[in-house]
Amino acid sequence: LLFVVCCVLFVVCCCFVLLLTTALTVTVTVFAGAAAAAAPNIVYFLVDDLGHYNVGFNGNVNASTPNIDQLASEGVILKRLYTFKYCSPTRSSFISGRLPVHVNIENRPHTKNGGVDMRMETIGEKMQQGGYTTAAIGKWHAGGYAYGQVPVNRGFNFSIGYLNGQEDHYTHYFSEVGAKDMWETHNYTKEYAGVYGDSIYLNKSMEFLHNVTRNNDKKPFFLYHAFQNIHTPLEVPNEYINASIDGDARRTIYGMANFVDLAINNITTYLRTNNLWENTLIVFSADNGGEMGSGVNYPLRGFKFSCFEGGVRAAAFVSGGFVPKDVRGTVSDTVMHVADWYATFSTLANVSPSDNTFAVPPSDGVNMWPTLLYNKTSPRETLVLSPNAIISGRYKYLTDNYKHYDGYSPTDYPTSHVLPASECDGKVGCLYDLVSDPRETTNLIDTFPQIASALHESLKNASKSFFQTGNDGYVGAYTKCLPWDVVKNATGGYVAPLCTKPSASAPLWLKSNPTA
């Protein structure tokens, strides 16, 4: 009997070891396979002040964006991608992976500390950790007060563009700081004076793609191309203007969108003809809604600078050969935020999708790739848009009336006038059902006071973790800060950082003025 029992125990032990070995083998195989998954090339096109209706894929049959519309039709149109209500916070949110209320809600010029705090790990740094070659081309507006904030020190191997929020498209002059703004990797440059800004950025993106692919080293690349168009001033070369479009402003706006369309076509054509398309993810979005006087956000309510849907719901899609065939040509109603690209891109690059640090708020981004692939319910049940706006489920609650940026833009705006909207009393708050009323026509504050009260409390709680870059004076090791007029004099009237490391030799932009 003892012999039989021993035999049975031996068999059971052998089976257990076999099952355990098999399980471990499967586990190792699964994780090894995940680690070995080919990381896609990623190209992110961010278009400045593009209105919801300034593109054909949102219904504008007269739009001058046929190439963009074709890309959208080949990918997944994102109907509910949210941004901040204006420029720098949206860019800071994307670059840091944090909601604007945890990184930056102000459009500060480079003469003030703002943008992305240097204690935060950026999307550029994440991509470099994944073995990517990276470039930031075009509008930066995510910090330039300290040298540690310029793109090359934030995870981008190459950069060219302007550090501030706007400038003349040809002279590159920014009146708020009284200087020209054109920064190339380590230093300001005068080489492109008089050249249309987005022409520079197209050529430099093409040059970047050529450089990273000519050696055929198989390293993935990340191109962050942030257009200057269609931000004011309204300027574009004449060859992009369609004379049949009514109204001078409208004709120029359509021409600026046409420039963006053709630039994107040049870049995507290069990817297709150089066998890069099948493993490339294209992401396209606006940085906020269209601005009053130029952008068309039909049929949504409001404009840039407001948290109505027209100000914060961006025209957006994903496309490229990396998008699975079975989801191409679809539309997603998934609620997501521009901060989510941080976690999404990081995951695709096989690096940690989070950035947790004790000194500043942790990253908020959510990996949305599985949700986009399967059109599942968004993991974002609640989304804090700003200190004055929050979305929870189907409802949005606002505590600001944004009266100077409210109303509805007709399809032929700005040739025609803004149509008035029902008043929102910001002191009391406004509540809208975005599922049944995406145009925000009916204020439900009196119908559902309990919901409004709960969302008001949620906003109050969110304010406890508010963080604004620069408010604590942190500049890291870049503690030698000069007055802006001294820096401007040293550069001959060009934008450059004010703060450098005291132990380092004089930076390139100050060497012409050794007393600075």
Side-chain angles (χ1 to χ4, degrees), residues 43-75 77-78 81 83 87 90-91 94 135-141 160-162 165-170 172 195-206 208-209 223-242 245 249-271 282-291 294-297 304 314-320 338 414:
V43 179
Y44 182 24
F45 295 118
L46 188 62
V47 187
D48 205 349
D49 289 358
L50 182 74
H52 182 267
Y53 197 70
N54 284 122
V55 289
F57 68 83
N58 277 335
N60 186 351
V61 296
N62 296 314
S64 52
T65 57
N67 298 296
I68 291 172
D69 302 334
Q70 181 64 34
L71 285 174
S73 71
E74 296 170 352
I77 296 174
L78 309 177
L81 171 69
T83 65
C87 307
T90 291
R91 294 156 203 277
F94 161 63
I137 294 176
K139 179 174 175 176
W140 178 242
H141 210 194
I160 186 169
Y162 51 113
Q166 69 178 69
E167 62 182 18
D168 186 272
H169 291 262
Y170 290 97
H172 315 141
V195 181
Y196 190 69
D198 274 328
S199 291
I200 301 168
Y201 309 139
L202 169 59
N203 291 335
K204 289 298 180 177
S205 280
M206 297 295 289
F208 169 75
L209 292 174
L223 171 59
Y224 170 38
H225 185 117
F227 285 92
Q228 184 173 0
N229 285 357
I230 60 175
H231 198 292
T232 54
L234 301 182
E235 299 171 325
V236 71
N238 289 333
E239 59 263 35
Y240 297 93
I241 290 180
N242 182 348
I245 296 175
R250 185 165 178 257
R251 190 179 305 119
T252 304
I253 293 159
Y254 273 62
M256 295 171 80
N258 182 232
F259 189 105
V260 172
D261 183 75
L262 293 172
I264 288 177
N265 185 57
N266 282 350
I267 292 170
T268 55
T269 297
Y270 181 90
L271 297 173
I282 302 291
V283 177
F284 172 99
S285 83
D287 66 336
N288 43 249
E291 186 172 5
S294 55
V296 187
N297 299 318
K304 175 185 178 180
F317 62 82
V318 296
S319 190
V338 68

- Task: Could you walk me through whether Y196 and N229 pass side chain to side chain donor-acceptor pair (under 3.5 Å), step by step?
- Result: CA-CA 10 Å; Y196 190 69; N229 285 357; 2.9 Å; yes
Could you give the distance from [atom1] ([X]) to [atom2] ([Y]), rounded to the nearest 0.5 Å?
X	Y	atom1	atom2	answer
E74	I282	CD	CD1	10.5 Å
H231	E167	NE2	CD	10.5 Å
S319	F45	OG	CZ	10.0 Å
Q228	K139	CD	NZ	8.5 Å
E239	L262	CD	CG	10.0 Å
I267	L223	CD1	CG	6.0 Å

Residues which pass side-chain hydrogen bond (donor to acceptor under 3.5 Å, both in side chains) with [X], listed by chain and number, not counting sequence neighbours:
X	result
N266	none
Y44	S285
S294	none
N288	D49

Minimum-distance pair of heavy atoms, taken over all atoms of [X] and [Y]:
X	Y	answer
D69	G56	OD1-N, 3.0 Å
N297	H52	OD1-N, 3.2 Å
P237	F259	CD-CD1, 4.5 Å
A263	L202	O-CD1, 3.6 Å
A257	S64	CB-OG, 4.0 Å
Y254	A63	CE2-CA, 4.0 Å

- Message: Can you list everything that forms a salt bridge (Lys or Arg N to Asp or Glu O under 4.0 Å) with R250? Sequence neighbours excluded, please.
- Response: none
- Item | Pairing residues for D261 by the salt bridge (Lys or Arg N to Asp or Glu O under 4.0 Å) criterion, not counting sequence neighbours | none
Decide yes or no for [X] and [Y]: does some side-chain heavy atom of the first lie under 4.5 Å from some side-chain heavy atom of the second?
X	Y	result
D287	V47	no
H169	M256	yes
L78	V318	yes
N60	N54	no

- Should the pair F317 and F284 be assigned to parallel (<30°), tilted (30 to 60°) or perpendicular (>60°) ring geometry?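 Judged by the thresholds at 30° and 60°, the geometry between F317 and F284 is parallel.
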- Query: Stepwise, does the salt bridge (Lys or Arg N to Asp or Glu O under 4.0 Å) test hold for D48 with K304?
  - Reply: CA-CA 11 Å; D48 205 349; K304 175 185 178 180; 5.1 Å; no
- Query: Would a distance-only check, ignoring hydrogens and angles, find a side-chain to backbone donor-acceptor pair under 3.5 Å from R91 to H141?
  - Reply: no
- Message: Looking only at the aromatic ring of each residue, does the gap between the centers of F227 and H225 stay below 6.0 angstrom?
- Response: yes
- Message: Please report whether the ring centroid of Y224 lies less than 6.0 Å from that of F94.
- Response: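 Yes, they do, as the ring centres are separated by less than 6.0 Å.
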- Message: If the test is side-chain contact (heavy atoms from CB on, under 4.5 Å), which one of N67, I68, V43 qualifies with I264?
- Response: I68
